Amino acid sequence: MNLKLEDPVALVPTMGALHAGHQSLIEIAKEFTQNIVVSIFINPLQFENTNDFASYPKTVAADSKFAEESGASFVWAPTFEEIYPNEPAIISAGEIGNLFEGVHRFGHFDGVLTVVKRLFDLTSPEFAIFGEKDFQQLFLIKKMVEKLNVPVKIISAPTIRDSQGLALSSRNIRLSNSDRESALGIYQALESANSGTSVESARAKLLKEISSIPNFLMDYAELINEDTFEIATDQTQNIRAIVAGWINGIRLIDNMYMSNLGVSK
Ligand code: PAF
């Protein structure tokens, strides 16, 4: 452990299987403090599918080494009992928690918010870093912090992609070569949507490209107003394309800010 008592803590919550995307969260944490806690906890409450939970990669020893080498001051891999010593008080993600991811992963965001709140309670961070890749998660965590007056500053981190554009994810290690080819189609579809000249044409491009990806079982592909999570209707909004689905039993999720459509950021 290498924590400096006088400095604030930045928490990087993870479920392990760490990769360059997590490393980028640690890098961002360094801009705020020297005390960086990386938590590794595969939270059963956020898995509505027991197979997905069972097959989630478990690589704590390698993850601890990777996190330390990336600059974590402390790697914390708590047990289930440490996180949930009693029956957990579930935090509801409300209506937005039942949209998109929530339609396909019922109760998922209640599980996420419940564990994130526990992680905050147990580590008292001043900052917590979350990736934009899980955009709905990031949105709901920000809302929870606002609503419950949690004294943690939520820092969002851009999605890290490989050289061909595939968003890095712990689940990618399960993709075969041909699955990977299909997965690249998601990025291409998002790029194509961003070349649209109106909300309608961007949506049409997104759906056309997504539906042509081989072996891709789509859960949703939509353009949303990223400030409200409502369906995007016009170009005065900050618009983000969001996509999720399955390739050979592996769930993939991605999103992209429609920089050519929305008000400029
Ligand atoms: O994004 C994740 O890895 C998880 O949902 C999180 C935030 C660590 C909560 O378990």
Side-chain angles (χ1 to χ4, degrees), residues 9-26 28-29 36-50 52-60 62-64 66-67 70 72 74-84 88-93 96-97 100-102 104-123 125 127-145 148 150 152-160 167-174 242 244 250-255:
V9 165
L11 176 67
V12 178
T14 82
M15 296 203 299
L18 302 186
H19 50 66
H22 297 106
Q23 197 170 31
S24 77
L25 304 183
I26 297 173
I28 290 176
I36 301 167
V37 174
V38 172
S39 63
I40 302 175
F41 179 66
I42 306 176
N43 172 36
L45 259 52
Q46 70 189 78
F47 287 84
E48 70 302 336
N49 175 326
T50 44
D52 198 23
F53 177 61
S55 60
Y56 202 85
K58 294 165 187 75
T59 50
V60 177
D63 290 337
S64 303
F66 181 85
S70 305
F74 184 54
V75 180
W76 180 49
T79 60
F80 181 86
E81 287 70 27
E82 279 176 88
I83 297 290
Y84 303 121
I90 302 295
I91 298 183
S92 166
I96 297 178
F100 303 110
E101 284 295 285
H104 300 275
R105 307 190 64 188
F106 189 71
H108 169 70
F109 288 119
D110 294 354
V112 170
L113 296 188
T114 303
V115 79
V116 167
K117 179 69 170 50
R118 284 296 295 150
L119 293 169
F120 287 176
D121 289 347
L122 292 166
T123 59
F127 307 96
I129 329 292
F130 295 89
E132 280 182 358
K133 177 168 170 294
D134 293 299
F135 196 78
Q136 196 174 356
Q137 164 174 288
L138 174 64
F139 180 94
L140 289 167
I141 291 170
K142 284 183 181 163
K143 289 279 165 229
M144 173 187 77
V145 161
L148 304 181
V150 180
V152 178
K153 295 182 189 74
I154 304 300
I155 313 295
S156 46
T159 300
I160 303 295
L168 298 193
S169 159
S170 305
R171 291 185 167 93
N172 291 357
I173 50 177
R174 294 169 55 210
I242 56 172
I250 302 158
R251 193 154 198 284
L252 296 171
I253 170 172
D254 202 349
N255 66 81

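In this text, all values refer to a predicted model and were calculated from it rather than measured experimentally. Each ligand, and each atom within it, is numbered from 1 in the order the structure gives.
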**Report entry** atom 3 (O) of ligand 1 [closest protein heavy-atom partner, distance rounded to 0.1 Å]
**Finding:** M15 CG, 3.7 Å
Report task. Look at atom CZ of F106 and say whether more than 12 heavy atoms of other residues, nucleotides or ligands are closer to it than 6.0 Å. Result -> no
Query raised in the report: Can the ring centres of F135 and F139 be said to be less than 6.0 Å apart?
Result: no
Report task. Inspect the contact between R118 and E82 and indicate whether a charged nitrogen and a carboxylate oxygen are less than 4.0 angstrom apart. Result -> no
Requested in this report: Considering the heavy atoms of P13, write down every atom of ligand 1 situated less than 4.0 Å from one of them.
Outcome: 8 (C)
Requested in this report: If you have a sec, work out which protein heavy atom is nearest atom 4 (C) of ligand 1 and how many Å separate them, to one decimal?
Outcome: Q46 NE2, 3.6 Å
Query raised in the report: Are K58 and F53 in a cation-pi setup, meaning NZ or CZ lies under 6.0 angstrom from the ring centre and within 45 degrees of the ring axis?
Result: yes
Requested in this report: Would you give the length of the straight line joining atom CD1 of I129 to atom CD1 of I154, rounded to the nearest 0.5 angstrom?
Outcome: 8.5 Å
Query raised in the report: Any N/O of T14 closer than 3.5 Å to an N/O of ligand 1?
Result: no
Query raised in the report: Is the F47 ring parallel, tilted or perpendicular to the Y56 ring (thresholds 30°, 60°)?
Result: perpendicular
**Report entry** Nearest neighbour in protein (non-hydrogen) for atom 2 (C) of ligand 1
**Finding:** Q137 NE2, 3.9 Å
Query raised in the report: What part of L119, side chain from CB on, backbone N/CA/C/O, both or neither, has a heavy atom under 4.0 Å from ligand 1?
Result: neither
Report task. Please indicate whether any nitrogen or oxygen in N43 is less than 3.5 Å from any nitrogen or oxygen in ligand 1. Result -> no
Report task. Under 4.0 Å from a heavy atom of V115: give me the atoms of ligand 1 that qualify, with their elements. Result -> 9 (C), 10 (O)
